Amino acid sequence: MNDIICLVDGNNMFASCELAFRPDLIGKPVVVLSSNDACCIARSYEAKALGIKMAQPYFEVRHFEKTHGLIAFSANFTLYTDISSRIVSILEGFTPHVAPYSIDESFCRFPPLTGMDLLKLGNDIRSTILTQTGIGTGVGISTTKTLAKLANNAAKKFPKTGGVVDLVTDEKRRERLLAVMEINEVWGIGKALNKKLRAMGIITALDLAKFGESAANSQFSVTLARTVSELNGIPALPWEDDIELNDQIIATRSFGEKIFDKETVIASLSYHVSRAVKKLRLQNAVAHSITIHIRTNANSKIDKQYSNSYTCRSSTPINDVVTFTKMAKAGLDEIWRDGFPYAKSGITLNEIESKNHLQEDLFASDDNHDEKKNDMQSVIESINTRYGLGAANVGSAKSGGNWQPKSENRSPNYTTSWADIPTIKAD
DNA sequence: TCTGGGGTCCTAGGACCC
DNA sequence: TCTGGGGTCCTAGGACCC
């Protein structure tokens with residue numbers, strides 16, 4: 001028998017996090033905005049009812065502020081990440097096998113115990129999370145990740161399910177569900193595949209399951225073949241129990257306004273480097289290369305367009321801000337062009353590996369630079385820990401600049417900052 | 001006027017080798 | 001005049017995800 005796999009995900013996660021601390025806004029249309037207050041990246045039920053789409057530019061829906069009392073929050077990822085890790089801890093109370101998939105969803109694995117009441121399990125998970133964090137969730141239960149995702153979609157789509165869909169206990173339910181879900185609702189089917197498959201008459205998830213693994217493999221790709229296999233109840237995706245290293249770490253931001261001068265772009269890159277390296281060091285890892293990217297606003301019809309990237313590689317693995325910042329500046333020298341209205345910059349750390357598995361480089365120069373760099377690194381880190389990321393930076397990098405994105409309505413860090421702990425008034 | 005940020009995996013094709 | 005076949009490795013870019 002196969003293991004039982006549950007997918008638990010937070011409903012309207014970011015909007016729910018805001019509402020958990022602002023119960024006065026429950027029942028109102030609420031959206032959470034991306035960096036630069038640009039797009040809607042989470043919507044309360046009432047905001048969805050207004051027809052606001054995922055990732056819709058805010059300027060297109062701002063008029064609802066006046067007509068329908070729409071409330072917009074700037075994204076507060078510190079808050080959402082903290083709530084997310086609390087939810088993961090709760091799930092770990094149900095099973096040791098929890099694999100967080102994104103900030104708002106986790107897979108949970110259970111051994112195939114016969115006689116376990118899976119519907120009750122799902123409901124217990126939901127009510128525990130709701131009581132302890134205030135976040136509503138949906139639970140999909142099956143024997144493969146893809147089916148658990150589909151069950152979870154169904155739990156959202158059909159309110160009658162009460163937020164839990166179990167495809168294990170009643171075998172026939174799987175086929176009935178596959179017949180009513182269309183392929184674009186299947187995990188792994190995006191725009192391109194949706195179009196091609198529909199042209200072949202494959203419309204429902206059941207059609208896709210019946211298409212067969214080998215046909216999917218020969219006519220499309222191994223990726224689609226795995227999806228087909230999983231829809232048929234045969235696990236084809238690995239279970240990640242361990243916390244793995246990232247393959248790459250990306251840090252990027254759009255600017256708050258158009259930027260023409262190189263110094264300001266350097267300042268932004270330096271900030272991105274310090275964020276990414278902080279993450280790298282938290283994983284006790286090192287990277288071998290850094291890619292920098294700069295670009296103008298691709299959506300603009302009037303701006304002169306330019307976009308480029310450059311990768312700098314080091315013969316020895318690195319995890320210090322000083323060296324990466326130098327490399328980023330050198331990379332920028334390679335691709336910088338004067339006269340363009342830059343809209344965005346970013347960096348990617350590549351070829352990441354654990355520091356523990358490192359082999360000594362026989363040809364590395366044997367001097368004391370590493371120690372000095374590490375001292376410098378610790379000083380920068382302690383300043384940033386105390387005064388906030390970006391307080392201390394390297395070289396000519398000014399942390400101020402005028403590149404920072406807008407974030408005009410950020411909520412307090414209720415759960416991670418003593419100064420922001422909510423107070424309760426008792427009248 | 002105003003269109004996000006952070007990831008993973010796969011594939012095709014070029015460079016290179018014998 | 002005639003110009004192979006098989007393999008590996010690497011990288012850029014596509015597709016997909018939340």
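All figures in this text were calculated on a predicted structure; none of them were measured in a lab. In what follows, every chain begins at residue 1, and chains take the letters A, B, ... in the order their sequences are listed. Just so you know, these numbers use all the heavy atoms, side chains as well, and skip hydrogens, waters and symmetry mates.
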*Asks:* Is it the case that atom NZ in A:Lys326 sees more than 12 heavy atoms from other parts of the structure closer than 6.0 Å?
*Replies:*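 No, not enclosed.
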*Asks:* Is there a donor-acceptor pair closer than 3.5 Å between any side-chain N or O of A:Ser407 and the backbone N or O of A:Arg410?
*Replies:*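 No.
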*Asks:* Look up atom CD1 in A:Ile103 and atom SG in A:Cys17, then write down how far apart they are to the nearest 0.5 Å.
*Replies:*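 It is 7.5 Å, given to the nearest 0.5 Å.
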*Asks:* In whole Å, what is the span from the NZ atom of A:Lys195 to the C1' atom of C:dC16?
*Replies:*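 Atom NZ in A:Lys195 sits about 17 Å away from atom C1' in C:dC16.
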*Asks:* Return the nearest nucleotide to the side chain of A:Leu193; candidates are B:dG6, C:dC18, C:dC16.
*Replies:*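 Of the options given, the side chain of A:Leu193 lies nearest C:dC16.
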*Asks:* With respect to the phosphate group of B:dT8, does any side-chain polar atom (N or O) of A:Asn246 fall under 4.0 Å of OP1 or OP2?
*Replies:*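 True: A:Asn246 side-chain N/O within range (under 4.0 Å) of B:dT8 OP1/OP2.
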*Asks:* Reading DNA chain B from 5' onward, which residue's closest nucleotide shows up sooner: A:Val222 or A:Met54?
*Replies:*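 Final value for this comparison: A:Met54.
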*Asks:* Report the distance from atom NE2 of A:His293 to atom P of B:dG5, rounded to the nearest whole Å.
*Replies:*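 To the nearest whole Å, that distance equals 12 Å.
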*Asks:* Distance check: side-chain N/O of A:Thr223 vs OP1/OP2 of B:dC10, anything under 4.0 Å?
*Replies:*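 It does not, given that no N or O in the side chain of A:Thr223 lies less than 4.0 Å from OP1 or OP2 of B:dC10.
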*Asks:* Donor-acceptor pair, A:Arg126 side chain versus A:Gly162 backbone, under 3.5 Å?
*Replies:*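 Side chain of A:Arg126 to backbone of A:Gly162: a pair is present.
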*Asks:* Determine the Euclidean distance between corresponding P atoms of B:dT3 and C:dC18; express it in Å to zero decimal places.
*Replies:*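 Here C:dC18 and B:dT3 have their P atoms 25 Å from each other.
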*Asks:* Just the rounded figure in Å: distance from C1' of B:dG6 to CZ of A:Phe14.
*Replies:*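 Value for this atom pair: 11 Å.
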*Asks:* Of all the nucleotides listed (B:dT8, C:dC17, B:dG5), which has the minimum atom distance to the side chain of A:Trp187?
*Replies:*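 Minimum distance to the A:Trp187 side chain belongs to C:dC17.
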*Asks:* Report the nucleotide, chosen from C:dC18, B:dG4, B:dT11, that has the shortest atom-to-atom distance to any side-chain atom of A:Ser221.
*Replies:*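 The closest nucleotide is B:dT11.
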*Asks:* Find the distance A:Arg62:CZ to B:dT1:P and express it as a whole number of Å.
*Replies:*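 Atom CZ in A:Arg62 sits about 13 Å away from atom P in B:dT1.
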*Asks:* Using a heavy-atom cut-off of 4.0 Å across all strands, would you classify A:Tyr58 as base, sugar-phosphate, or nothing?
*Replies:*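 Answer is nothing: A:Tyr58 stays at 4.0 Å or more from every strand.
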*Asks:* Specify the residue among A:Thr252 and A:Lys301 whose closest nucleotide of DNA chain B lies further upstream toward the 5′ end.
*Replies:*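 Per heavy-atom nearest nucleotide, the more 5' residue is A:Lys301.
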*Asks:* For the CD1 atom of A:Ile202 and the NZ atom of A:Lys210, what is their distance to the nearest 0.5 Å?
*Replies:*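 Going from the CD1 atom of A:Ile202 to the NZ atom of A:Lys210 covers 12.0 Å.
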*Asks:* Can you figure out which of C:dT11, C:dC16, B:dG5 approaches the side chain of A:Ala192 most closely?
*Replies:*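 Selected nucleotide: C:dC16.
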*Asks:* Is there a side-chain contact between A:Ser102 and the phosphate of C:dC17, meaning an N or O under 4.0 Å from OP1 or OP2?
*Replies:*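 Indeed not, no polar side-chain atom of A:Ser102 lies that close.
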*Asks:* Round to the nearest Å and state the distance from A:Leu33 atom CG to B:dG4 atom C1'.
*Replies:*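 Those two atoms, CG and C1', are 10 Å apart.
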*Asks:* Give A:Val32 one of three labels, base, sugar-phosphate or nothing, depending on what nucleic acid heavy atoms sit under 4.0 Å from its own.
*Replies:*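 Result for A:Val32 = nothing.
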*Asks:* Which one, B:dG4, B:dG6, C:dC17, comes nearest to the side chain of A:Ser254?
*Replies:*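 The answer is B:dG4, which lies nearest to the side chain.
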*Asks:* Between A:Arg275 and B:dG5, does any side-chain N or O lie under 4.0 Å from OP1 or OP2?
*Replies:*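 No, no such contact exists.
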*Asks:* How many whole angstroms separate atom CD of A:Glu408 from atom P of B:dT1?
*Replies:*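 For the pair A:Glu408 CD and B:dT1 P, the rounded distance is 18 Å.
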*Asks:* State which of C:dC17, C:dT11, B:dG4 makes the closest approach to the side chain of A:Ala55.
*Replies:*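 So the nucleotide nearest the side chain must be B:dG4.
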*Asks:* Across the strands shown, which category fits A:Ile189 at heavy-atom distances under 4.0 angstrom: base, sugar-phosphate, nothing?
*Replies:*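 Sugar-phosphate: the residue A:Ile189, judged by heavy atoms under 4.0 Å, touches backbone atoms but no base.
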*Asks:* Would you mind telling me which of C:dC17, B:dC10, B:dT3 lies closest to the side-chain atoms of A:Pro57?
*Replies:*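 In terms of side-chain proximity for A:Pro57, the closest of C:dC17, B:dC10, B:dT3 is B:dT3.
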*Asks:* Given the ring of A:Phe107, does A:Lys145 sit roughly above its face, with NZ or CZ under 6.0 Å from the centre of the six-membered ring and within 45° of the axis?
*Replies:*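 Pair A:Lys145/A:Phe107 counts as cation-pi.
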*Asks:* May I ask you to say what A:Ala251 touches in the nucleic acid, namely base, sugar-phosphate or nothing, with a heavy-atom cut-off under 4.0 Å?
*Replies:*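 Sugar-phosphate: the residue A:Ala251, judged by heavy atoms under 4.0 Å, touches backbone atoms but no base.
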*Asks:* At under 4.0 Å between heavy atoms, what does A:Lys406 touch on the DNA or RNA strands: base, sugar-phosphate, or nothing?
*Replies:*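 Nothing, no nucleic acid heavy atom in range.
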*Asks:* Is the phosphate of C:dG14, meaning OP1 or OP2, less than 4.0 Å from a side-chain N or O of A:Lys191?
*Replies:*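 A:Lys191 to C:dG14 OP1/OP2: no side-chain N or O under 4.0 Å.
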*Asks:* Of the nucleotides B:dT3, B:dG4, B:dT8, which has the atom closest to the A:Ile41 side chain?
*Replies:*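 So the side chain of A:Ile41 is nearest to B:dG4.
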*Asks:* Any side-chain N or O of A:Asn297 under 4.0 Å from OP1/OP2 of B:dT3?
*Replies:*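 True: A:Asn297 side-chain N/O within range (under 4.0 Å) of B:dT3 OP1/OP2.
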*Asks:* Tell me which nucleotide among C:dC18, B:dT3, B:dC9 gets nearest to the side chain of A:Asp247.
*Replies:*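 Ranking C:dC18, B:dT3, B:dC9 by closest atom to the A:Asp247 side chain puts B:dC9 first.
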*Asks:* Round to the nearest Å and state the distance from A:Glu60 atom CD to B:dT1 atom P.
*Replies:*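 My rounded result for the distance is 13 Å.
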*Asks:* Checking side chain to side chain donor-acceptor pair (under 3.5 Å) against A:Asp9, which of A:Asn153, A:Asn152, A:Thr137 comes through?
*Replies:*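 Going through A:Asn153, A:Asn152, A:Thr137 one by one, the side chain to side chain donor-acceptor pair (under 3.5 Å) with A:Asp9 is satisfied by A:Asn152 alone.
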*Asks:* Going by purine N1 to pyrimidine N3 plus the second Watson-Crick contact, or the G-U wobble pair, all under 3.5 Å, which nucleotide sits opposite B:dT8?
*Replies:*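 Pair assignment: B:dT8 / C:dA15.
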*Asks:* Describe the nucleic acid contact of A:Asp104 in one word from base, sugar-phosphate, nothing, applying a heavy-atom distance below 4.0 Å.
*Replies:*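 Since only primed, P, OP1 and OP2 atoms lie under 4.0 Å of A:Asp104, the category is sugar-phosphate.
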*Asks:* Would you indicate what A:Gln56 reaches in the nucleic acid, counting non-hydrogen atoms under 4.0 angstrom: base, sugar-phosphate, or nothing?
*Replies:*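 Since no nucleic acid heavy atom lies under 4.0 Å of A:Gln56, the category is nothing.
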*Asks:* What nucleotide among C:dC18, B:dG5, B:dC2 has an atom nearest to a side-chain atom of A:Phe59?
*Replies:*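 Nucleotide nearest to A:Phe59's side chain: B:dC2.
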*Asks:* Regarding A:Ser102 and A:Asp104, do their side chains bring together a donor and an acceptor under 3.5 Å, going by distance alone?
*Replies:*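 A:Ser102 vs A:Asp104: donor-acceptor pair found between side chains.
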*Asks:* Report the distance from atom CG of A:Asn184 to atom C1' of C:dA15, rounded to the nearest whole Å.
*Replies:*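 Going from CG in A:Asn184 over to C1' in C:dA15 covers 16 Å.
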